[in-house]
Amino acid sequence: MGARRTQTAPEQVGLKAGTGLRRTRGLGRTPGPRRTPGLRREELATLAGISIDYYVRLERGKETHPGPTVVDALARALFLDASEHRHLRELASRAAYAPVAPPAPGHTVRPQLLALLESVRPNAAYVVSRTLDLLAFNPGALGLFAGLADWPPSLRNFARYAFLHPLARDVLDDWDEQARACVGRLRALAGTEPDAPDLADLVGELLAKSPDFADLWNRFDVKPHAPDPKTFHHPDVGNLHLGNESMPLEHSQKQRFVVFFAEPGTSDHDKLILLDAERGELGLDVEEERLSRRRAAD
């Protein structure tokens, strides 16, 4: 909450940018010069209808049982959207109860999903894990993200691609939005499973290697990816303007199915055909590599 509080402009709540409310001994809250970015703690507490002492305990993690009314009031005061509000409720729920250790995330892709990847060709489609590891893909998907195929399967992760691959900023027209969305998905997972090994390893790597990732990570933004059309600047086939859908998969341990598509008969569809033909076959990444290592060991 502290990060979001400092990102909320005073003007959003009817205060002047240069002044705010501060506590003065014996006088209650009085106007005073603003020395901190965003809202002061006492301002947010007032807007949410709670005491400043209670809010400070919440922000510092010393109060772990806020009721739904308090959570909803804070969400309104901070102008959280639906996804951010839901995330705040999940954080409050997790803080109130001792979490049960989640099962290890699965990287096995069900055969039915491989058939689905095949059926949508030449549209580019893939399956990702909860931490954005590329688990399975059809030919066009691997070709669409130029340079991703050059990495070994164990490194193919879309957050890693966005922040560490030298081609990503040129290929992704809306790199800023896609990078923010990657961080938002990881940050949301960190709120409910902060000790998950798969998450901790990836975040630790990106914090060490990418100042841009570190900056976005420290904003605590959890907004999901907008399902808007995407533009790719591909070095081999030129620009592609594609629709996209991202869908959670049931019975697949938080895997997602993602597809980029174009209308048949359009130049964008023709370029997808070229990317699809270039690669040729369906692929399995992380799970295939893991099984290969096991077979070699045996």
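As the structure is a computational prediction, the values presented were derived from the model and not from experiment.
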Check for a donor-acceptor pair, side chain of [X] on one end and backbone N or O of [Y] on the other, with a separation under 3.5 Å.
X	Y	answer
Arg130	Leu189	no
Tyr161	Ala146	yes
Gln178	Ala159	no
Asn218	Ala214	yes

Minimal non-hydrogen separation, [X] against [Y], with atom names:
X	Y	result
Ile273	Pro122	CG1-CG, 3.7 Å
Asn138	Ala124	OD1-CA, 3.6 Å
Arg256	Arg185	CD-NH1, 3.5 Å
Asn123	Val259	CB-CG2, 4.2 Å
Leu144	Val171	O-CG1, 4.0 Å
Leu242	Leu272	CD2-CD1, 3.9 Å

For the [atom1] atom of [X] and the [atom2] atom of [Y], what is their distance to the nearest 0.5 Å?
X	Y	atom1	atom2	value
Cys182	Arg187	SG	CZ	14.5 Å
Arg110	Gln255	CZ	CD	8.0 Å
Leu134	Asn157	CG	CG	9.0 Å
Leu206	Leu186	CG	CG	7.5 Å

[X] with [Y]: basic N within carboxylate O range, under 4.0 Å:
X	Y	value
Arg180	Asp221	yes
Asp133	Arg156	no
Glu193	Lys254	yes

Within the 4.5 Å heavy-atom criterion, are [X] and [Y] side-chain neighbours or not?
X	Y	result
Phe213	Leu164	no
Val128	Leu135	no
Leu240	Phe260	no
Phe232	Asp173	no
Leu202	Asp198	no
Thr231	His233	yes
His107	Ser129	yes
Glu177	Leu172	no

> Below 6.0 angstrom between ring centroids: does that apply to Phe257 and Tyr126?
Replying inline: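 Centroid distance Phe257-Tyr126: not below 6.0 Å, so no.
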> Centres of the Phe163 and Trp175 rings: under 6.0 Å?
Replying inline: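 Yes - the distance between ring centres of Phe163 and Trp175 falls below the 6.0 Å cut-off.
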> Under the ring-ring contact (aromatic ring centres under 6.0 Å, His included) test, which residues partner Phe261, sequence neighbours left out?
Replying inline: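 Expected list: none.
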> Which residue pairs satisfy the side chain to side chain donor-acceptor pair (under 3.5 Å) criterion with at least one member in residues 257-272, sequence neighbours excluded?
Replying inline: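 The answer is none; no pair qualifies.
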> When the ring planes of His165 and Trp151 are compared, do they come out parallel, tilted or perpendicular, using 30° and 60° as the limits?
Replying inline: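 Answer is tilted, since the angle falls between 30° and 60°.
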> Does a donor on one side chain and an acceptor on the other come within less than 3.5 Å for Asn239 and His234?
Replying inline: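 There is no such pair (donor and acceptor under 3.5 Å, judged by atom type) between the side chains of Asn239 and His234.
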>> I'd like to know whether Lys230 forms a salt bridge (charged side-chain N to carboxylate O under 4.0 Å, His left out) with Asp174, so could you lay out the CA-CA distance, the side-chain angles of the two residues, the decisive distance to 0.1 Å, and finally the verdict.
In response: CA-CA 8 Å; Lys230 301 298 178 187; Asp174 61 339; 2.9 Å; yes
